Undergrad: 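One structure, pasted below without further comment.
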Amino acid sequence: MYRKDGNPDGNPYRTHTAGELRAEDVGERARLAGWVSRRRDHGGLIFIDLRDRWGVTQVTFDPDSGEVFRAAEQLRPEWSISVEGEVARRPEGNENPELPTGEVEVVAGSLRVLNESLTPPFEVDRERPVDELLRLKYRYLDLRRGRMRENIVFRHRVVKHMRDYLDARGFVEIETPLLTASTPEGARDYLVPARLYPGQFYALPQSPQQFKQLLMVAGFERYFQIARALRDEDQRGDRQPEHTQLDLEMSYTTQEEVLNLVEDLYVEIVEGLSEKKLGAKPFPRLTYREAMERFGSDKPDLRFGLELGDVSEIARTSEFKVFRGAVEGGAGGSVRGIAVGGLGDLSRREVDELATIASLGGARGLVDLKVGKDGGLSGRTAKFFSGEEGEALRAALGAEPGDYMFFVADAKDAVVFESLNRLRLHFRDRLELADPEELALCWVTDFPLFEWNEDEGRIEPMHHMFTMPREEDVELLDSDPLKVIGQLYDLVANGVELASGSVRIHRPDLQQKVFSIVGIDAEEAERRFGAMLTAFRYGAPPHGGIAPGIDRLIMVLRDEPNIREVMAFPKTQNARDEMMDAPGPVTPEQLEELHIAIRMPTRRGPEQPPREAPNV
RNA sequence: GGGGGCGUAGUUCAGUCGGUUAGAACGCCGGCCUGUCACGCCGGAGGCCGCGGGCUCGAGUCCCCUCGCUCCCGCCA
């Protein structure tokens, strides 16, 4: 950043960063500014590791320097200082190969203490686990630590790459409002009371969905935005109240074009910026159906096998009631299984544990069979499967001698898939089947446009209600909407959904039809999406797009266990900001202005002491 | 909304069957030390054992309640 041609602006703090001095700089005068990372006081000689964003440089203080030396004796970790001195080669044998600056040191000629520091609540310069609440409360100190700094800087590089990539292809970055109307995603909105409209509220956007489509109507052709998306739902490791997505949309485009655009971008990011090993290229494309049948999931982890096998036909004629019952009646049930090697002999208890894992996917039981050295089957249910039948099961799963076969039978395909998916992921972790260095990206396409919501007894959009059906399926909208395939696509990496998008409906008549299928009548459609429906009557172009999640991408590229590790200021699982102490109460005057009265929950709720309102 | 785990020094943790003065490491403070880079050596301070209640002669330890954090299910992306 600063070079040895000097200090043209006369910066009083530094002429160089702490990460750039090398052997060739020996003899130069240098001034460094940063934090005291560590002090090694030898009585007659003091070493300071001076840290800034760019690196660490060793500074030495010699007793000959008198006053400066005595000042250095007072230094403590995390003090902010500026040091000026000569760059010297370290004595023979005292180089530190761990540091890029390890061949040299700065011999301090002067020292300015810019700011002292309290003793930090945790050790900033040591990579030790610290309670996350404490880290969040002192996030500014946590962010001084190497791993977090690298994550945040890496994130910047990825986002910058996205901007440059899209700019070079004619995309325009456009901001859309944060204060807007409720959006049509399924999640709960964050609401903001409208002072000028008593009883009315803005909603914070769950995504810029309608705006991006309106920008297509507006003729920008290619739009993108690094957009914040807010949803008032419970947290998970990969979910936060606000997350960031690369929102993009294109006019006169096709699914193929969107996929290729994003694929090339992700190849550049993974190969050019990250240390991950990219899986198959071009990215494998699986239809939703194929992903479910092979992996039991619409976000499959392709780094390992353990693919599902369908044994429904064998089950149909089986003596085993559990199997036969699942496929009888033609209600769409199935029997499927996976073959797993390397498990040795499982105890009854271990098998029960596996059944519990499967039950989380809805399975009412788990059928386990072990393939013996001679190919014969053993297990509690082995007696139901004659030699021929057992052989057929074995062949269907491709099970080898010594493998276990696990089967789930259910009248609902979805239960079979979800249960086996959980088992598959369990074995991935237990048997370490997935290469942690690999990033296996794939596309999942051809999702159904709608799904049946069991609880509410109605049809819902799988993605959102602006998704275009496949051309050949438009007729099915009337006859059998659940069979309609949408022009819908997800980008998946190692079992994590990274992006989701679709070609949109641009014709008002088709949009109306989709609304009515999901139970929105013309009046409600007009009320909720009036602007967009009207806009579509002014020559809306065909368009489509996608919204890759940035937090999750950085998370998988950096091997972090959750997205809080790649966000500068995340919230806790209970959606609190411990550093800023938000949310918090406001003054009665503020509430008055908003025409809001608080009615506290009676049964149970967050305790609200009558504490003083903050000075705003 | 439901379930699991955790809560002991500034930090990360240990703490046996309920038993005397609650320990370790790192950090912090003081002293010594001229080539360290996890510097070393000597000494020291530091505890509402999350909060409240109960059983008990006696509770960090057992029971109940509650608060906080975290993971999972639901929800959601």
Side-chain angles (χ1 to χ4, degrees), chain A residues 37-51 56-65 69 73-74 76-78 88-99 101-102 105 107 117-138 141 183 185-189 206-207 209 229-245 298-299 356-357 359-362 418 422 453 455 462-464 490-492 496-501 547-552 561-564 571-574 576 578 603-604 606-607:
Chain A
S37 200
R38 200 173 274 275
R39 185 183 59 138
R40 291 176 294 279
D41 185 344
H42 287 232
L45 185 66
I46 296 173
F47 300 98
I48 295 284
D49 289 339
L50 182 73
R51 179 190 72 237
V56 173
T57 300
Q58 176 165 286
V59 180
T60 60
F61 294 83
D62 196 274
D64 297 343
S65 63
F69 182 81
E73 287 182 310
Q74 303 305 313
R76 292 294 180 273
E78 302 313 316
R89 182 179 289 280
R90 293 194 187 188
E92 183 79 35
N94 283 294
E95 300 86 1
N96 184 350
E98 304 283 308
L99 285 181
T101 60
E105 60 196 5
V107 182
S117 170
L118 297 173
T119 299
F122 50 83
E123 294 162 75
V124 171
D125 73 329
R126 218 182 277 257
E127 299 287 332
R128 292 178 59 170
V130 177
D131 181 65
E132 196 177 358
L133 190 63
L134 199 67
R135 291 175 53 205
L136 291 177
K137 189 166 177 181
Y138 297 92
L141 295 179
T183 38
E185 339 283 309
R188 195 179 295 117
D189 286 316
Q206 295 183 28
S207 76
Q209 184 61 35
L230 301 106
R231 292 179 168 92
D232 188 3
E233 294 289 348
D234 290 344
Q235 308 308 295
R236 278 286 198 291
D238 58 356
R239 299 199 314 237
Q240 278 272 302
E242 27 186 333
H243 81 281
T244 305
Q245 56 191 36
D298 61 0
K299 42 184 182 189
T356 301
I357 291 165
S359 75
L360 295 174
E418 179 59 24
R422 283 171 191 265
N453 184 321
D455 298 334
M462 188 98 161
H463 180 55
H464 57 54
D490 280 2
L491 180 62
V492 173
V496 177
E497 184 191 314
L498 286 189
S500 192
I550 289 177
D551 312 285
R552 282 185 185 177
N562 65 66
I563 64 174
R564 296 187 299 271
K571 293 180 176 51
T572 67
Q573 172 141 56
N574 295 330
R576 284 199 63 82
E578 285 297 326
R603 200 163 60 84
R604 181 186 164 274
E607 179 194 351

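Lettering follows sequence order; numbering is per chain, from 1. All values reported here derive from a predicted model rather than from experimental measurement.
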Undergrad: Whole angstroms only, please: what is the CG-C1' distance between A:Asn562 and B:C69?
TA: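 Nearest whole value for this atom pair: 13 Å.
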
Undergrad: Which residues satisfy the salt bridge (charged side-chain N to carboxylate O under 4.0 Å, His left out) test with A:Arg564, sequence neighbours excluded?
TA: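 So A:Arg564 forms a salt bridge (charged side-chain N to carboxylate O under 4.0 Å, His left out) with A:Glu132.
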
Undergrad: Hey, what do you get for CD1 (A:Ile563) to CD1 (A:Ile550), rounding to the nearest 0.5 Å?
TA: 11.5 Å

Undergrad: Name all residues meeting the side chain to side chain donor-acceptor pair (under 3.5 Å) criterion together with A:Glu418; count only those two or more places apart in sequence or in a different chain, and write none if there are none.
TA: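 Expected list: A:Arg422.
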
Undergrad: Test of understanding: with ring-ring contact (aromatic ring centres under 6.0 Å, His included), list the residues that count as partners of A:Phe69, not counting sequence neighbours.
TA: none

Undergrad: Under 4.0 Å, heavy atoms only, any strand: does A:Gln240 hit a base, just the sugar-phosphate, or nothing?
TA: base

Undergrad: Rounded to the nearest angstrom, tell me the gap between atom CG in A:Leu118 and atom P in B:U11.
TA: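 The distance from CG of A:Leu118 to P of B:U11 comes to 15 Å, rounded to the nearest Å.
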
Undergrad: Measure the distance from NE2 on A:His464 to P on B:C76 and round it to the nearest whole Å.
TA: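 In whole Å, B:C76 P and A:His464 NE2 are 16 Å from each other.
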
Undergrad: Check the distance between B:A77's P and A:Asp189's CG and give it to me in whole angstrom.
TA: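 So the CG-P distance, A:Asp189 to B:A77, works out to 11 Å.
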
Undergrad: Taking N or O atoms only and anything under 3.5 Å, show me the protein contacts with nucleotides 8-10 of chain B, one pair per line.
TA:
{"residue": "B:G10", "atom": "O2'", "partner": "A:Pro121", "partner atom": "O", "Å": "3.0"}

Undergrad: Once side chain to side chain donor-acceptor pair (under 3.5 Å) is applied, do any residues pair with A:Arg39, and if so which ones, sequence neighbours excluded?
TA: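 If we apply the side chain to side chain donor-acceptor pair (under 3.5 Å) test to A:Arg39, skipping adjacent residues, there are no hits.
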
Undergrad: Which residues pass the salt bridge (charged side-chain N to carboxylate O under 4.0 Å, His left out) test with A:Arg76, sequence neighbours left out?
TA: none

Undergrad: Return the set of residues passing side chain to side chain donor-acceptor pair (under 3.5 Å) with A:Glu242 (not counting sequence neighbours), or none when no residue passes.
TA: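 Side chain to side chain donor-acceptor pair (under 3.5 Å) check on A:Glu242 returns A:Arg228, A:Lys571.
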
Undergrad: Rounded to the nearest angstrom, tell me the gap between atom CG in A:Asn574 and atom P in B:C67.
TA: 12 Å

Undergrad: Got A:Leu491 and A:Pro548 here, is their nearest side-chain heavy-atom distance under 4.5 Å?
TA: no

Undergrad: To the nearest 0.5 Å, tell me how far A:Glu73 CD sits from A:Ile46 CD1.
TA: 4.5 Å

Undergrad: For A:Asp232, give me all partners under salt bridge (charged side-chain N to carboxylate O under 4.0 Å, His left out), at least two apart in sequence or on another chain.
TA: none

Undergrad: Whole angstroms only, please: what is the CD-C1' distance between A:Glu578 and B:U70?
TA: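 These atoms are roughly 13 Å apart.
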
Undergrad: Between protein and nucleotides 33-39 of chain B, map the contacts as a letter string: B base, S sugar-phosphate only, - none, heavy atoms under 4.0 Å, written 5' to 3'.
TA: BBBBBBB

Undergrad: Between atom CD in A:Glu132 and atom P in B:G7, what is the gap in whole Å?
TA: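 A:Glu132 atom CD is separated from B:G7 atom P by 17 Å.
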
Undergrad: Taking all non-hydrogen atoms of both residues into account, name the closest pair between A:Gly43 and A:Asp41 and its distance.
TA: N-OD1, 2.8 Å

Undergrad: How long is the line joining CG of A:Leu230 and P of B:C76, in whole Å?
TA: 17 Å

Undergrad: Over all strands shown, is A:Thr572 touching base, sugar-phosphate only, or nothing at heavy-atom distances under 4.0 angstrom?
TA: sugar-phosphate

Undergrad: Using salt bridge (charged side-chain N to carboxylate O under 4.0 Å, His left out) as the criterion, list what pairs up with A:Arg126, not counting sequence neighbours.
TA: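 Salt bridge (charged side-chain N to carboxylate O under 4.0 Å, His left out) list for A:Arg126, sorted by chain: A:Glu123.
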
Undergrad: Hydrogens and angles aside, do A:Gln58 and A:Asn96 bring a side-chain donor and acceptor to less than 3.5 Å of each other?
TA: no

Undergrad: Enumerate all atom pairs, one protein N or O and one N or O from nucleotides 72-74 of chain B, separated by less than 3.5 Å.
TA:
{"residue": "B:C73", "atom": "OP2", "partner": "A:Arg236", "partner atom": "NE", "Å": "3.2"}
{"residue": "B:C73", "atom": "OP2", "partner": "A:Arg236", "partner atom": "NH2", "Å": "3.3"}
{"residue": "B:G74", "atom": "N7", "partner": "A:Arg236", "partner atom": "NH2", "Å": "3.0"}
{"residue": "B:G74", "atom": "O6", "partner": "A:Arg236", "partner atom": "NH1", "Å": "2.9"}
{"residue": "B:G74", "atom": "N1", "partner": "A:Asp234", "partner atom": "OD2", "Å": "2.8"}
{"residue": "B:G74", "atom": "N2", "partner": "A:Asp234", "partner atom": "OD2", "Å": "3.0"}

Undergrad: Can you identify which nucleotide, out of B:A77, B:C29, B:C71, has its nearest atom closest to the A:His243 side chain?
TA: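 Looking only at heavy atoms from C-beta outward on A:His243, the closest nucleotide is B:A77.
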
Undergrad: Which heavy atom of A:Ser500 sits nearest a heavy atom of A:Asp490, and at what distance?
TA: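 Taking every non-hydrogen atom into account, OG-OD1, 2.7 Å.
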
Undergrad: Strictly under 3.5 Å: I want the nitrogen or oxygen pairs between protein and nucleotides 3-5 of chain B, one per line.
TA:
none

